[in-house]
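Quick note on labels: first sequence line is chain A, next is B, and so on, each numbered from 1.
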2 protein chains.
Amino acid sequence: MDKNKKLTIVDVATKAGVSTATVSRYLNGQLNQMSEKTAAKLKKIIEETAYTRNAAAVQLAKQKSNLVAVLASNIDEYFSSEYFKGIVSILSVQGFIGVLFDSNSDTATESALLETVYNQKFAGLVLQPVSTDHNLIEKFTNDGVPVVLIDRDIGNGKLSTVTTNNFQVTKFAMENFLDTGFNKVTIITEPINHISTRVERVAGIRSVFDHSQLIEVDSEHLDFSGLSNDLDISNPKNLLFVLKERLLIQLLANSDVLNAPQMPQRITGFIDTNIPKYLAPNYKFIQQSPFLMGATAAEILMTQISEKQPEYIKQIVIPSKFE
Amino acid sequence: MDKNKKLTIVDVATKAGVSTATVSRYLNGQLNQMSEKTAAKLKKIIEETAYTRNAAAVQLAKQKSNLVAVLASNIDEYFSSEYFKGIVSILSVQGFIGVLFDSNSDTATESALLETVYNQKFAGLVLQPVSTDHNLIEKFTNDGVPVVLIDRDIGNGKLSTVTTNNFQVTKFAMENFLDTGFNKVTIITEPINHISTRVERVAGIRSVFDHSQLIEVDSEHLDFSGLSNDLDISNPKNLLFVLKERLLIQLLANSDVLNAPQMPQRITGFIDTNIPKYLAPNYKFIQQSPFLMGATAAEILMTQISEKQPEYIKQIVIPSKFE
DNA sequence: TTGTAGGCGTTATCAG
DNA sequence: CTGATAACGCCTACAA
C-alpha cells in the first residue's frame with residue numbers, strides 16, 4: 001500500500017534512463033543543453049509522475065530561495081493587506097512569491113520572526129518595523145539579503161525605504177483646518193513609541209497649531225466612554241485628528257456629539273479604505289496609497305535581487321492626498 | 001574585509017573543540033547527553049558568534065519544518081487576518097510559526113501557491129479554499145502533511161474542517177425577519193461559484209422565504225448605482241441580505257433610501273467587525289468568530305503534528321450569533 | 001559523554 | 001549533449 005515513497009530527482013532520472021544532472025538541467029530550463037528527444041521524454045515523465053522538487057534541497061544547493069518575506073507590524077490594519085497585494089503583484093511577474101508574517105505590534109514577536117526569516121534564507125525582506133533596532137536587520141544586509149522598509153523608517157540612512165509624506169501632508173491638512181476656524185487639535189493615537197509615522201504626523205500638526213492635546217489609546221482595549229471624557233468636546237473649535245482608521249471610523253459613527261453647526265468638520269485623520277468616506281461623504285481625510293507603496297518596495301527589492309545591484313539603495317516617498 | 005563568510009555548524013564545532021555532532025545535539029536541546037561544561041562552552045560561543053542554523057539544511061536533514069502555511073482566499077477580508085491571529089496564537093506556544101499566503105480569490109493563484117507550499121515541505125496547512133478541487137490537497141495528505149480547511153468545505157469528508165453553522169444561523173435570522181413582516185429577500189453576494197459558505201447561506205434564506213432574488217456582484221469593480229437599480233427598493237417589505245461585509249458597510253452608509261418607517265431593519269448580513277454595529281446600533285447581524293475558528297483549526301493541526309496522530313480528522317462547527 | 005560518517009535532494013563543475 | 005561526483009549544512013544512528 002505504501003506506494004507513497006516520495007519521488008526524487010533520482011527516480012525521474014532512472015525512469016528516463018538519464019543522469020540526475022540532465023534532469024536537473026531540464027528542471028532549470030537549460031533546454032538548449034540537451035536533445036529535444038530527452039527533453040520531451042523528461043517532460044512526459046515529470047508530468048505523469050507529478051514530480052516536484054524539494055525546495056529545501058534546492059535552496060541548500062543554490063544558496064537562495066524565491067520567497068520574499070513581508071513582515072507587517074499588524075495585519076489587522078487594512079493598510080497591511082493592501083501593500084502586501086502591491087508587493088505580490090510585482091514579485092509574481094518575476095517568479096517570486098511573497099509570504100506574510102504578523103509582528104502583532106510586538107517587538108519581541110518581531111525579532112523572533114526576523115530570526116526565523118533570517119534562518120530560512122529568504123531572497124528578500126520587506127519590513128514594516130515596530131522596533132527601531134537596527135541589529136537584527138543588519139544581519140540580513142551583511143548576508144547580502146536585500147531589505148526594504150515600508151511605511152516606517154528607523155532613521156539609519158543605509159536602508160531602502162518606501163514611506164509617505166507624513167509631515168507635509170499633515171501640515172497641509174492642518175493649514176486647511178486652521179483657515180476653517182479651528183484653534184486647537186486633539187490627537188488620538190496609539191502610543192507613539194518612536195514610530196516614525198506617528199512622530200512625523202504629530203510634528204506636522206504642531207507645526208501649524210499652537211494648541212494640541214495628545215491622547216494615547218490602546219485600541220485593543222478601548223475605553224470609549226473614558227475617551228469621551230478626555231475630549232474637550234465643549235469647545236467647538238477643537239479638531240479631532242485620529243491616527244488610526246479603525247478608531248476614526250468608530251468616532252465618526254458616534255459623532256452626533258461632535259456636531260457643531262458653525263464648524264463643518266470636527267474629525268479627520270489618516271485613512272486606508274473608503275469607509276470613512278461613506279460615513280462622512282463631505283469630510284476630507286488623508287488618504288495613503290498602500291498598494292502603490294508595496295509595489296514600489298517590491299520593485300526596489302527586485303532590482304537588488306535580479307539585477308544583482310546590492311548597492312541599489314533608494315528612499316522613496318509616495319505622497320498621500322488630503323481630499 | 002570579507003569577514004562575512006557565513007558561519008556553519010563546523011565553525012562552531014572547531015571553535016569549541018568538539019565535533020559537529022555535539023553541537024547539533026546542543027542545538028536540538030539534548031543537553032542531558034553532554035557535560036555541563038561543553039554545554040556552557042557551546043552556549044557561550046553560539047551567543048558570541050550569533051550563530052543560527054540554516055533552516056533549509058535542517059529541513060533537508062530532518063525532513064520537516066516548523067512552519068505552518070495558511071492560505072487565505074483573500075486577505076483583504078478582515079475575517080482572514082482574524083483567523084490567522086487565532087492560528088498563530090496556538091502555534092506559537094508549540095514553537096511553530098504561521099505564515100500567510102493570499103490566493104487573491106483566484107483559483108490559478110491558489111494552485112500555484114499550493115504547489116510551492118507543497119515543495120517547501122511545510123509542517124502543516126490551513127486552507128480557506130477558493131477552488132473545490134481535491135487533487136492538490138491530496139498530495140499533502142498522502143505525504144503525511146496535515147491539512148485543515150477553514151471557513152469553507154469542499155465536500156469530501158476526509159479532511160478536517162472548521163466552519164460555522166451557515167445554514168442554521170441564516171435560517172434562524174430569516175425566521176426572525178419573517179416574523180417582522182418581510183416577504184422577500186434580495187441576496188447580494190459575490191459569485192456563488194460552488195463556495196460552500198455562500199451556498200449554505202442562500203439555502204438558509206430560501207428555506208424560510210419563498211421569494212428571493214440573487215444579485216451577484218464583483219466587489220472589485222462595484223457599480224453601485226447599477227446595483228441600486230436592480231434592487232427592488234420600492235417594496236418596503238424587501239429585505240436586503242449582504243454576504244460580504246465590505247459591501248454591507250457601503251450599503252448601510254448609504255441607507256437613507258432604504259428607510260421605511262414601518263420596517264425597522266431593511267439590511268442585514270454576515271459581519272466580522274464591529275463597524276456595521278457602529279453604523280446601525282440597533283440592527284441585528286450575523287457575527288462569526290474568526291479568531292476562535294483559527295485557533296480551533298490550529299489545535300487540530302497541532303494534535304496531528306505533535307501527537308503524531310495523522311488519523312485525527314475532525315469536523316468542527318463554530319456557531320455564529322445573530323444579534 | 002563524545003566522535004565518525006553516511007544520508008537528506010539538488011546543483012554545478014569538470015570531464016568525456 | 002551527457003554523466004560522475006563533490007559540494008550545500010545539518011542530523012542521527014552507530015561506535016567508542
Side-chain angles (χ1 to χ4, degrees), chain A residues 4-43 45-46 49-67 116 118-123 143-144, chain B residues 4-43 45-46 49-66 116 118-123 143-145:
Chain A
N4 290 321
K5 179 101 184 52
K6 290 164 211 171
L7 37 152
T8 74
I9 200 174
V10 179
D11 302 317
V12 177
T14 38
K15 215 176 288 260
V18 300
S19 74
T20 62
T22 304
V23 180
S24 179
R25 288 193 194 98
Y26 176 83
L27 258 11
N28 288 288
Q30 17 240 49
L31 302 182
N32 53 329
Q33 297 184 43
M34 71 192 69
S35 71
E36 291 188 0
K37 202 170 171 179
T38 51
K41 199 192 316 172
L42 288 172
K43 178 175 158 69
I45 292 184
I46 290 175
T49 60
Y51 162 78
T52 56
R53 282 177 286 186
N54 180 322
V58 176
Q59 250 182 252
L60 187 56
K62 286 196 178 180
Q63 297 289 324
K64 66 180 176 188
S65 85
N66 66 151
L67 260 40
T116 68
Y118 174 76
N119 293 337
Q120 294 285 337
K121 308 293 177 196
F122 281 78
D143 253 33
Chain B
N4 290 322
K5 180 100 185 52
K6 290 162 212 171
L7 39 152
T8 74
I9 199 175
V10 180
D11 302 318
V12 178
T14 37
K15 218 176 286 260
V18 301
S19 76
T20 62
T22 304
V23 181
S24 179
R25 289 193 194 97
Y26 176 84
L27 257 12
N28 288 289
Q30 17 239 52
L31 302 182
N32 54 328
Q33 299 186 40
M34 71 190 70
S35 70
E36 292 190 2
K37 202 171 173 180
T38 49
K41 200 193 314 176
L42 253 19
K43 178 175 156 75
I45 292 184
I46 289 174
T49 59
Y51 163 78
T52 56
R53 282 177 286 186
N54 179 323
V58 176
Q59 251 184 250
L60 189 56
K62 286 195 178 179
Q63 299 290 334
K64 66 180 179 188
S65 84
N66 67 149
T116 66
Y118 174 75
N119 294 336
Q120 295 285 338
K121 308 292 176 198
F122 281 78
D143 254 34
V145 180

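- We find that CG of A:Leu60 is positioned 14 Å from P of C:dC8, with the value rounded to whole Å.
- C:dT10 atom P lies 12 Å from atom NZ of A:Lys62, rounded to whole Å.
- Summarising the geometry, the separation between NZ on B:Lys64 and C1' on D:dC11 is reported as 12 Å, rounded to the nearest angstrom.
- Atoms CG (A:Leu7) and C1' (C:dC8) sit 15 Å apart, rounded to a whole Å.
- Taking atom CD of residue A:Gln59 and atom P of nucleotide C:dA12, one finds them 14 Å apart after rounding to whole Å.
- Rounded to whole Å, atom C1' of D:dG9 lies 10 Å from atom NZ of A:Lys121.
- Here the closest non-hydrogen pair linking B:Thr8 and B:Tyr51 is C-CE1, 3.6 Å.
- Side-chain contact, B:Asn28 with B:Arg53: a donor N or O sits under 3.5 Å from an acceptor N or O.
- For A:Gln63, counting side-chain heavy atoms from C-beta on, the closest listed nucleotide (C:dT10, C:dC8, D:dG9) is D:dG9.
- Residues from residues 25-38 of chain B placing a heavy atom under 4.0 Å of any atom in DNA chain D, listed by number, are B:Arg25, B:Asn28.
- Side-chain N/O atoms of A:Thr22 include one lying less than 4.0 angstrom from OP1 or OP2 on D:dG3.
- At least one side-chain nitrogen or oxygen of A:Ser24 sits closer than 4.0 Å to the OP1 or OP2 atom of C:dT11.
- Proximity of B:Thr8 to the phosphate of D:dG9: no side-chain N or O atom is located under 4.0 Å from OP1 or OP2.
- Side chains of A:Leu67 and A:Gln59 form no contact here, defined as non-hydrogen atoms less than 4.5 Å apart.
- Between B:Lys41 atom NZ and C:dT1 atom P the separation is 14 Å, expressed in whole Å.
- A:Leu42 is listed as a side-chain neighbour of A:Thr22, based on a closest heavy-atom distance under 4.5 Å.
- In the displayed structure, B:Lys41 atom NZ is contacted under 6.0 Å by more than 12 heavy atoms of other residues, nucleotides or ligands.
- In this structure, B:Val18 reaches the sugar-phosphate backbone alone: every heavy-atom distance under 4.0 Å involves primed, P, OP1 or OP2 atoms, never a base.
- For the pair A:Asn54/B:Leu60, a side-chain contact is recorded, criterion being any heavy-atom separation below 4.5 Å from C-beta on.
- In this structure B:Lys43 satisfies the salt bridge (Lys or Arg N to Asp or Glu O under 4.0 Å) test together with B:Glu47, sequence neighbours excluded.
- In this structure, A:Arg53 places its CZ atom 11 Å from C1' of C:dG9, rounding to the nearest Å.
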